[in-house]
Visitor: 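Please see the structure below; I have some questions.
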Amino acid sequence: MSLPRFLSVLFVIFILFGATPLYAQVGAQKTERIEAELVPMGQWAVPGSTAIIAIRQKIRPGWHTYWRNPGDSGGPTEADWTLPQGYKAGDIVWPLPERQRLQTLMNYGYSGVVYLPVPIEVPASAKAGESVLVSAKVLFMVCSDEMCVPDEMELAVNLPVAEGTPPLTAAHGAAIQKVLETAPRSAEITARAHLEEGVLKLSASGGALASMNPKWAYFFAFESGQVDHAALQQGQRGENGISLNIVAGRGLKAKGLGEGISGVLATDLGAWEITATEGDMLPATSGLGALDSGENMSSKDAPASSGFLKAALFALLGGLILNLMPCVFPVLAMKAAALGRSAHDPREARKDGLGFLAGVLVTFGALAGLLLALRAGGQAVGWGFQLQSPAVTAALSLLMLAVGLNMSGLFHIGGRLQGVGSGLAQGKGGVAGAFFTGVLAVVVAAPCTAPFMALALGAALVMPWPMALIVFVMLGLGLALPYVLVSFSPRILSRLPKPGSWMETFRNLLAFPMYGAALWLAWVFARQTGEALGLLFVAGLLLAFTLWLWGRYQSGGRRLMLAVAIFAAVLTVPATFLAMKAPPVASAVVNEEGKALASQSWSSAAVETALAEGRPVLVNFTADWCVTCKINERTALATAGTAKVLSDANAVYLVGDWTNRDDAITRELERHGRSGVPLYLLYTPGVAEPRILPQLLTEGLVGKALSEATKQD
């Protein structure tokens, strides 16, 4: 073959296979993460009609692609079509996405096998009997929990043209048809929305929502930045529709609603595209009960059972570690006294252990039930919510005082009530005393948050209530497990000293942790109510006087003692009530010299302002009743070293004080998958999401994190 003829052949090959490479791409294409192809719903296209061709994705386990709004990260699937003359491609018909939660992020996307149907307009001039090539350059953002890879493929399919109604293709037609039938569609639904303190109040009624009774609802915004994807959406059902409280995103807070907000309103009874225009809440869209968020029903890649088992395991570990937290020490002192009493009576020790376990589990279940009920009713509450009430703080302070006085021998609990509280330590506790000690352990453990515990409880609060209750009970099991194991271990018990006179001294000594707990709770009460501490002291004095008189009566005193004791007890109640009526005061974090640290109150606006100035932001979500928080502040935050690092980094230090109830802080905790404090966030300019610091801080850890944030900036 001559050289000119050889070059001519190469030119033809280039024209056929180089300039039109999609001829070689008909069929499925693969990468290590995804297999994709173009597949038709019908066996042929009809001239002058619309054919449906789907982008079929087969995604490997552990990977996912994204919806039109990917959420907090990722990118949507995009297709650039190449079609014969006269053919036109429409928009992708997006199936309802899964919610894919990853730590503090929430993404919307797909896993497994997914069909993205696309309508293709076939011109009337198309000739029956011909076959046309439909091709597209498709970009998939394929991600796992660790990484994202943009996979671009050139896909093509040959589409025959014929007359008559085409039957469905055997391999994919039914699946594509199902997607088209179930994908969200526009409906005659009226929707209104307005912003209120950073919360988008959205209501929808009429049309398909009329006379419905959905169990869950969730709003997927079409545009990123309009809502906080990771935050819990709380909803209510009404006679003619539903309403949702949605934490607004930065974009919506900055620009406002404008012409409204569009997206998909998904429920267990259907999903519809809506546009909510600005306006007040529609009538009859609330008042008939709370809606679940339905998050556990939406992910194939991470089913609810998997998340539930992980949360339950974390709760068990968190409960075990909770025994090492300072707030539990007073109750463990009571259990130490009980162990000393029953050490050489294995049967009694086992009863003690089981009684304590029952008290812990029942109380955790009751506390969790109350927490979930309040949240279902639209209340923004989290772990430790009961200590945000001055009434509870005052009552617990007086209870700890009473327990301490009992252990000091001022009075004893006898008769049918024997064994309640620290009477356990006197050898008169029995199962009832052990049960009550378990109750007390849970109540005083509320201010503490142990490692693993925050993630477990944060996950539990978005689960169905039966799963959430089990997670809370697993936390209680972890708290009680060490004591139960010791109670059932004769070898360990046999090494404890035999009962004797030393037990009375030991019991009296263990009263002092109870007095310490009472004083600490009184301090928390003072931080909550200001000058009302004096009234609480009066109530404590009256209570101590009452119990002293009661003890004298028990020792054979006259009936007059009993009458005076009752009178003093009656006076204790109004003194406590008056103390609780004082207004709350704000707290401040102070350094070791007693000077207040340079800080500002947390707000989302304060974070945005600082980031706009190019400054890192360290946020401390704390509460005066959170012992872990106070230890971290004393040892890691309120130090001269940390203050210097903050100054060198030109960082802003914000404090979110959750001592008293604050719904904005509750929502921010939820957004980061937490149900309580402490929570430490470090924002870096130019980085979308903050870094979550460990719950147990050191000065060096804080300094290193701030230095790294400065380098990134």
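Here the structure is a predicted model, which means the values were calculated and not measured.
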Visitor: A side-chain contact here means heavy atoms from C-beta on lying under 4.5 Å apart; do V655 and Q600 qualify?
Guide: no

Visitor: From M474 CE over to L313 CG, what is the distance, rounded to the nearest 0.5 angstrom?
Guide: 7.5 Å

Visitor: For A623 and D657, work out which heavy atoms get closest and say how close.
Guide: CA-OD1, 4.1 Å

Visitor: What is the minimum heavy-atom distance between S487 and G353, and which atoms define it?
Guide: OG-CA, 3.6 Å

Visitor: Can you find a pair of side-chain heavy atoms, one from L477 and one from L357, that are under 4.5 Å apart?
Guide: yes

Visitor: Are the aromatic rings of F356 and Y483 close, with centres under 6.0 Å apart?
Guide: yes

Visitor: Please tell me if the side chains of W658 and L669 come closer than 4.5 Å, counting only heavy atoms from C-beta onward.
Guide: yes

Visitor: CG of L475 to CD1 of I470: how many Å apart, nearest 0.5 Å?
Guide: 14.0 Å

Visitor: When rounded to the nearest 0.5 angstrom, what distance separates CG in L401 from CG in L405?
Guide: 4.5 Å

Visitor: About how many Å separate CG of N620 and CG of L654, when rounded to the nearest 0.5 Å?
Guide: 10.0 Å

Visitor: Working note: S408 + Y515, criterion side-chain contact (heavy atoms from CB on, under 4.5 Å); need CA distance, chi angles, decisive distance, verdict.
Guide: CA-CA 10 Å; S408 293; Y515 295 140; 2.7 Å; yes

Visitor: Give the minimum heavy-atom separation between P616 and A649, together with the two atoms involved.
Guide: CD-O, 3.6 Å

Visitor: Output, in order, the C-alpha distance, side-chain angles, deciding distance and verdict of side-chain contact (heavy atoms from CB on, under 4.5 Å) for W602 and V607.
Guide: CA-CA 8 Å; W602 171 86; V607 174; 3.8 Å; yes

Visitor: Just how far is it from atom CD1 of I692 to atom CG of L679, taken to the nearest 0.5 Å?
Guide: 6.0 Å

Visitor: Measure across N632 and P678 and return the closest heavy-atom pair with its distance rounded to 0.1 Å.
Guide: ND2-CG, 4.4 Å

Visitor: Work out which heavy atom in V360 is nearest to a heavy atom in G476; give both atom names and the distance.
Guide: CG1-O, 3.2 Å

Visitor: Should V702 and V645 count as side-chain neighbours, where that means a heavy-atom distance under 4.5 Å?
Guide: no

Visitor: Below 4.5 Å, heavy atoms only, C-beta onward: do L693 and R691 meet side chain to side chain?
Guide: yes

Visitor: Specify whether F545 and W548 have parallel, tilted or perpendicular ring planes, treating 30° as the upper limit for parallel and 60° as the lower limit for perpendicular.
Guide: parallel

Visitor: Using side-chain heavy atoms (C-beta onward) and a distance below 4.5 Å, is V617 in contact with V619?
Guide: yes

Visitor: Between T609 and A605, is there a donor-acceptor pair closer than 3.5 Å when you use the side chain of the first and the backbone of the second?
Guide: yes

Visitor: Can you check whether R615's main-chain N or O pairs, donor with acceptor, with N650's side chain at less than 3.5 Å?
Guide: no

Visitor: Side-chain contact, heavy-atom cut-off 4.5 Å: L697 with L637?
Guide: yes

Visitor: V362 and V439: side-chain contact (heavy atoms from CB on, under 4.5 Å), yes or no, with the steps?
Guide: CA-CA 8 Å; V362 169; V439 173; over 6 Å; no

Visitor: Would you please say whether a donor-acceptor pair under 3.5 Å links the side chains of T642 and Y653?
Guide: no

Visitor: Can you find a heavy atom in the side chain of L681 that is under 4.5 Å from one in the side chain of F621?
Guide: yes

Visitor: Provide the closest heavy-atom pair for A636 versus E699 in the form atom of the first, atom of the second, distance.
Guide: CB-N, 3.7 Å

Visitor: Mind checking the CD1-OG spacing from I665 to S601? Nearest 0.5 Å is all I need.
Guide: 8.5 Å

